[in-house]
Amino acid sequence: MSKYIYSLFFLFICFSTLAQEEGYIEEERVVEFEEIALEKARDLGTYIEIISDKDSRSSDVSEATELAVGLFLDEYQRVQVSSLHRTEVQSFPIREYLDRIGLLSYRKVELEWFDVHQVSDIKLGTDGKYHGVITVYQRFKGYTNDEVVYEDVTEKNIEVILDKISKNVGGTIVNNWDVFLGDINVIETREK
């Protein structure tokens with residue numbers, strides 16, 4: 001929890017000057033945006049590992065689910081999933097995606113994110129928010145007993161969004177910036 005308080009304080013300091021600037025993000029701010037976005041993407045990977053671990057306590061799964069959902073712009077952001085056994089890519093709202101991970105029929109599931117790439121394609125959207133993309137690789141393993149019965153590696157793009165948040169501080173409205181995750185899209189699924 002202190003990690004997020006630090007992140008919010010860091011965001012306030014780093015992005016406060018952006019609150020007055022419309023349609024422009026300074027180059028040095030892009031680096032800060034990337035660092036926070038990458039941290040949130042890694043955090044999501046950690047929460048997914050907890051949720052997918054059949055040995056996790058239900059209270060830990062519930063907490064990890066809430067923390068994971070809180071990383072997103074809203075609960076309507078979607079996560080695409082794929083399999084080597086089907087050609088279609090399915091898409092679920094973030095909370096449903098997380099719930100489905102816990103319901104998989106494998107005795108044990110390992111879901112790991114690796115090779116997380118820098119944020120790219122940072123652009124100002126028509127919605128007044130900055131948007132970028134992080135590419136990650138996800139390794140999925142499903143076990144029955146102690147044997148891996150299914151395994152794949154999926155390349156995914158995670159949309160990241162820099163949004164202005166207005167807060168009332170002592171009767172004054174202060175605009176700060178925060179980084180959120182958006183939709184997660186499948187690029188390619190392949191065998192290990």
Side-chain angles (χ1 to χ4, degrees), residues 1-4 6-7 33-121 131-161 179-192:
M1 190 57 91
S2 64
K3 182 184 204 180
Y4 290 103
Y6 172 77
S7 291
F33 168 48
E34 289 177 344
E35 289 172 3
I36 294 166
L38 289 168
E39 179 181 326
K40 288 194 175 191
R42 287 185 191 105
D43 288 347
L44 178 61
T46 300
Y47 299 143
I48 287 172
E49 286 180 40
I50 294 167
I51 294 164
S52 66
D53 184 347
K54 299 290 186 184
D55 294 328
S56 293
R57 296 185 320 219
S58 63
S59 60
D60 292 340
V61 170
S62 293
E63 182 179 4
T65 299
E66 292 308 314
L67 290 170
V69 169
L71 297 172
F72 286 79
L73 184 63
D74 57 45
E75 289 197 31
Y76 303 107
Q77 303 305 303
R78 301 189 69 80
V79 179
Q80 291 183 339
V81 295
S82 59
S83 169
L84 296 172
H85 300 304
R86 65 175 188 274
T87 56
E88 77 177 61
V89 174
Q90 296 178 306
S91 180
F92 302 98
I94 181 59
R95 188 176 295 279
E96 183 179 347
Y97 166 76
L98 296 170
D99 290 344
R100 290 174 66 89
I101 289 172
L103 298 175
L104 292 173
S105 60
Y106 301 107
R107 185 195 65 76
K108 177 181 173 187
V109 169
E110 290 179 3
L111 203 150
E112 171 195 11
W113 286 16
F114 64 96
D115 202 13
V116 178
H117 293 275
Q118 291 297 105
V119 178
S120 61
D121 299 331
H131 297 261
V133 174
I134 297 175
T135 301
V136 301
Y137 291 86
Q138 174 185 287
R139 180 178 294 114
F140 179 94
K141 292 182 184 179
Y143 293 81
T144 58
N145 299 320
D146 291 327
E147 185 179 323
V148 175
V149 294
Y150 179 83
E151 182 175 9
D152 70 26
V153 173
T154 303
E155 179 182 357
K156 293 188 172 190
N157 279 348
I158 303 172
E159 179 187 18
V160 291
I161 304 156
V179 177
F180 297 97
L181 302 180
D183 292 338
I184 301 177
N185 297 308
V186 169
I187 304 304
E188 177 187 22
T189 301
R190 63 181 186 271
E191 293 183 19
K192 175 191 159 238

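- Using a 4.5 Å heavy-atom cutoff, the side chains of L71 and E39 are not in contact.
- With hydrogens and angles disregarded, a donor-acceptor distance shorter than 3.5 Å links the side chain of D74 to the backbone of Y76.
- In this structure, K141 contributes its side chain and K108 its backbone to no donor-acceptor pair below 3.5 Å.
- Of all heavy-atom pairs between R78 and D183, the closest is N-OD1, 2.7 Å.
- Within the model, atoms CG of D152 and CZ of R190 stand 9.5 Å from one another, a figure rounded to the nearest 0.5 Å.
- Of all non-hydrogen atoms in I161 and H131, the two that sit nearest each other are CG1-ND1, 3.7 Å.
- In terms of heavy-atom proximity, V153 sits nearest to F114 at CG1-CZ, 4.0 Å.
- Salt bridge status for E66 with R95: present, with a side-chain N to carboxylate O gap under 4.0 Å.
- Residues R139 and E151 have side chains in contact (heavy-atom distance under 4.5 Å, counting atoms from C-beta outward).
- Distance alone, capped at 3.5 Å, is enough to place a donor-acceptor pair between the Q80 side chain and the V186 backbone.
- Using cut-offs of 30° and 60° for the angle between ring planes, the H85 and Y150 rings count as tilted.
- Put simply, the side chain of I184 reaches to within 4.5 Å of the side chain of L44, judged on heavy atoms.
- Residue V61 comes nearest to I51 through the heavy atom pair O-CG1, 4.1 Å, listed as atom of the first residue, atom of the second, then distance.
- A37 approaches L181 most closely through the heavy-atom pair O-CD2, 4.5 Å.
- The side chain to side chain contact (heavy atoms under 4.5 Å, CB included) test with F140 singles out one residue from T154, T189, L84, V109, and that residue is V109.
- To the nearest 0.5 Å, atom CG of residue N157 and atom CD1 of residue I187 are 3.5 Å apart.
- Shown here for T135 and E155, the closest heavy-atom pair between the two residues is CG2-OE2, 3.6 Å.
- Atom CD of E96 is separated from atom CD1 of I94 by 10.5 Å, given to the nearest 0.5 angstrom.
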**Report entry** Candidate pair V160 and F33, rule side-chain contact (heavy atoms from CB on, under 4.5 Å), full reasoning
**Finding:** CA-CA 9 Å; V160 291; F33 168 48; 3.9 Å; yes
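- Between the T46 side chain and the R42 main chain, a donor and an acceptor come within less than 3.5 Å of each other.
- No more than 12 heavy atoms of other residues, nucleotides or ligands sit less than 6.0 Å from atom CD of E191.
- Checking side-chain atoms of K156 against main-chain N and O of Q138 turns up no donor-acceptor pair under 3.5 Å.
- Interatomic distance, CD1 of I50 versus CG of D53, reported as 9.0 Å (0.5 Å rounding).
- A heavy-atom distance below 4.5 Å is not found between the side chains of L67 and D43.
- More than 12 non-hydrogen atoms from other residues, nucleotides or ligands lie less than 6.0 angstrom from CZ of R86.
- Here CG of L104 is found 8.5 Å from OG of S52. Values are rounded to the nearest 0.5 Å.
- K40 NZ to Y47 OH: the interatomic distance, rounded to the nearest 0.5 Å, is 9.5 Å.
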